[in-house]
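Inspection log for the structure reproduced underneath, given as structure tokens.
Just so it is clear: chains get the letters A, B, ... in the order the sequence lines come, proteins before strands, and each one is counted from 1.
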Amino acid sequence: MESTPVRVRFAPSPTGHLHLGNVRTALFNWLFARREGGTFILRIEDTDAERSTQASVDSVLEDLRWLGFDWDEGPEAGGSYGPYRQTERYGLYSRYAKQLLDEGKAYRCYCTQEELDAQRQAARDAGRPFIYPGTCRFLTEKERQEREEKGIKPALRLKVQPKTVAFRDIVRGPVSIHTNAFGDWILVRPDGSPTYNFAVVVDDSLMKISHVIRGEDHLSNTPKQILLYEAFGFPLPQFAHLSMILGPDGSKLSKRHGDVSVDAFREKGFLPQALDNGLALLGWSDPDGIEVFDLSALMGRFGLDRVNKAAAVFDAAKFRHLNREHLKKMSEEELLAVTRPYLERASRLPEGELNPEVKAWALSLAPLLRERMEVLSDAVSATDPLFVFDPASMDDEARAILAEPDASRVIKAFLAKAKQADLARPGAYRALVLEIKDELKVKGKALFHPIRVALTCAASGPELEMLVPMLAAGARLSLPTPILGPVERCERIFST
RNA sequence: GUCCCCAUCGUCUAGCCCGGCCUAGGACACCUGCCUUUCACGCAGGCGACGGGGGUUCGAAUCCCCCUGGGGACGCCA
């Protein structure tokens, strides 16, 4: 429409870790800002003194950065509409509160929380919705004075006229709600702190927010806020309410569905680009049906016009699949970099700078990893065939293979030749097996199965032509968990 | 309970705004087959949906109404 510059904001409350629902909101805001060449603002809504912590602020910033979102204005970025923490904006709120009071658009309410709780309970028992009856709205000056003298600290309420508030939501279309669904709501608490709906409007207006993109759980707050915009004479932003992300049981995604914090997903080994990708697909779809994107590709295609109205159920399997897709696109170096923390923790790679031999060997693990990982933590099980060798825990299938008629002949022959050869050399293993085939006249399963079991204690696993060189080369390295070479493995099998 | 929002395969969705091209397309998951010394990967197939009822129309997944179902909000939380 007009040429108002696009300014959007993500406004988390720092009361814990960022969770997937919030992240989706952050993502859509960020994508929209970047796509439109607008400004992305981060604002910390820390008015809940009880639950807000600095540690949480830090983790939120860290999570956002990890996910690839940068903010143009906000904590650590500055900007000319600050401060960007609500607790630092209290002066602003009281100024605007006073304005409403002076203009007669708001009034002091002396009802105590206990009184209101009782009324709320009574209404509930009667099966009626509780709406503040406006008790204090028509207090005479004398009555007011009495309460002041009793030392009752008043809250500030907005005078709300009965009417229908209608607006057009970018994703939902026309929405209308009657004001008697909420009545005269509280702007400022007796202790002088602003309520959410009040602070949001003041902040969004002062920060010149053009599009308010947030979760659908805020849809019913919107009319309250619109009334305030009107009371102040502030221009209305455009609203876009994103549908909820649901858990498998169909209710709003929350801790009840397990740990859904970004943190937990990072820990499990999800890549930020996969998380961004999956979240984008929860409610948005590409016009050409493309499903695998990194952040910048997403940015090039995103639009609010293709956001779905229906709620979406979070499906971890789809996220794992996307993670795999992103893993497949990584170079050996990148793969090593992202899996290293997991391999180090499992004592499979040394910490710190890797010497050239170890580094080269670690890079050679890439094909093995790429083929057997969905999430980064799978790097450990993917490298089990290299690091774990335990004849005692062999399963029945493997034992049966060793009991085959030709098994020990084959292994014996393999062992003899392996001692003479350098199995770390590409092709050496293959040549060696071919020789055995000719000499012993054993082929196929009778040939390969015993060798596999002797080398890995398992009936199935990675291709031996790929595995054996890794084993042989790895055995020469000094690793936190030493690798047993092919020869040693065969010898162990015989000694058990 | 009241108000608001929503409703296509098990899940994410395309299609819906501008009815016919839809015997409803894709992806994930699942199943089968192929590839392979095995597993995994990969490849090829398969299973599988317009919640119900009324309209409107020559024609409805698409438009309207009702019902049902689901979700959200009803806080001096954000």
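As judged by a 4.0 angstrom heavy-atom cut-off over every strand, A/S220 is placed among residues touching the sugar-phosphate backbone only. Backbone-only contact: A/G283 has heavy atoms under 4.0 Å from sugar-phosphate atoms and none from a base. A/R324 comes within 4.0 angstrom of sugar-phosphate atoms only, judged by non-hydrogen atoms across all strands, and of no base. Backbone-only engagement by A/L281 is indicated by non-hydrogen atom pairs under 4.0 Å involving sugar-phosphate atoms exclusively. A/T456 comes within 4.0 angstrom of nothing in the nucleic acid, heavy atoms only. Among the heavy atoms of the strands lying under 4.0 Å from A/R172 are primed sugar atoms or P, OP1, OP2 only; no base atom is included. Residue contacts for A/S243: at a heavy-atom cut-off of 4.0 Å it reaches no nucleic acid atom on any strand shown. When heavy atoms are screened at a 4.0 angstrom cut-off, A/K443 is found touching no nucleic acid atom at all. Across all strands, A/H218 comes closer than 4.0 Å to base atoms (heavy-atom distances). Nucleic acid contact for A/R306: sugar-phosphate only, since backbone atoms but no base atoms lie under 4.0 Å from a heavy atom of the residue. Nucleic acid contact class of A/E45 (heavy atoms, under 4.0 Å, all strands): sugar-phosphate only. Counting any heavy atom pair closer than 4.0 Å across all strands shown, A/S176 reaches sugar-phosphate atoms only and no base atom. Base engagement by A/L116 is indicated by at least one non-hydrogen atom pair under 4.0 Å involving a base atom. Counting non-hydrogen atoms under 4.0 angstrom, A/A155 reaches nothing in the nucleic acid.
For A/E371, taking side-chain heavy atoms from C-beta onward, the closest of the listed nucleotides B/rA40, B/rG72, B/rU38 is B/rA40. Comparing B/rA14, B/rA78, B/rC28 against the side chain of A/T195 picks out B/rA78 as the nearest.
Rounded to whole Å, the separation between the C1' atoms of B/rG20 and B/rG59 comes to 6 Å. For the C1' atoms, the distance linking B/rC22 with B/rC43 amounts to 28 Å, nearest Å. For the P atoms, the distance from B/rC6 to B/rA14 is 15 Å, rounded to whole Å. B/rC30 sits 8 Å from B/rC47 when the C1' atoms are compared, rounded to a whole Å. Atom C1' of B/rG46 sits at a distance of 39 Å from the matching atom of B/rC64, rounded to the whole Å.
At a cut-off of 3.5 Å, with distance as the only test, a side-chain donor of A/S243 or A/R172 sits close to an acceptor on the other residue. When only modelled atom types and interatomic distance are considered, A/Q225 and A/N197 share a side-chain donor-acceptor pair under 3.5 Å. Between the side chains of A/D184 and A/Y107, at least one donor-acceptor pair of N or O atoms lies under 3.5 Å.
One N or O donor and one acceptor, one from the side chain of A/K318 and one from the base of B/rA27, sit under 3.5 Å apart. Residue side chain A/E291 reaches the base of B/rG26 through a donor-acceptor N/O pair under 3.5 Å, judged by distance alone.
A salt bridge links A/E148 with A/R144: the distance from a Lys NZ or Arg NE/NH1/NH2 to an Asp or Glu carboxylate oxygen falls below 4.0 Å.
Using a 4.0 Å cut-off, no side-chain N or O of A/N180 falls inside it from OP1 or OP2 of B/rU2. Note on A/R120: a side-chain N or O is less than 4.0 Å away from OP1 or OP2 of B/rG75. Dashed line: the shortest gap from a side-chain N or O of A/R189 to OP1 or OP2 of B/rA78 is under 4.0 Å.
The minimum heavy-atom distance between A/L20 and A/I245, with the atom names listed, is O-CD1, 4.2 Å.
The partner of B/rG42, taking Watson-Crick or G-U wobble pairs whose two distances both stay under 3.5 Å, is B/rC34. Base pairing of B/rA27: its partner is B/rU11, meeting the Watson-Crick or G-U wobble criterion (both donor-acceptor distances under 3.5 Å).
Checked against the 6.0 Å centroid criterion, the rings of A/W71 and A/Y84 do not qualify as a close aromatic pair. For A/H17 and A/F265, the distance between ring centers is not under 6.0 angstrom.
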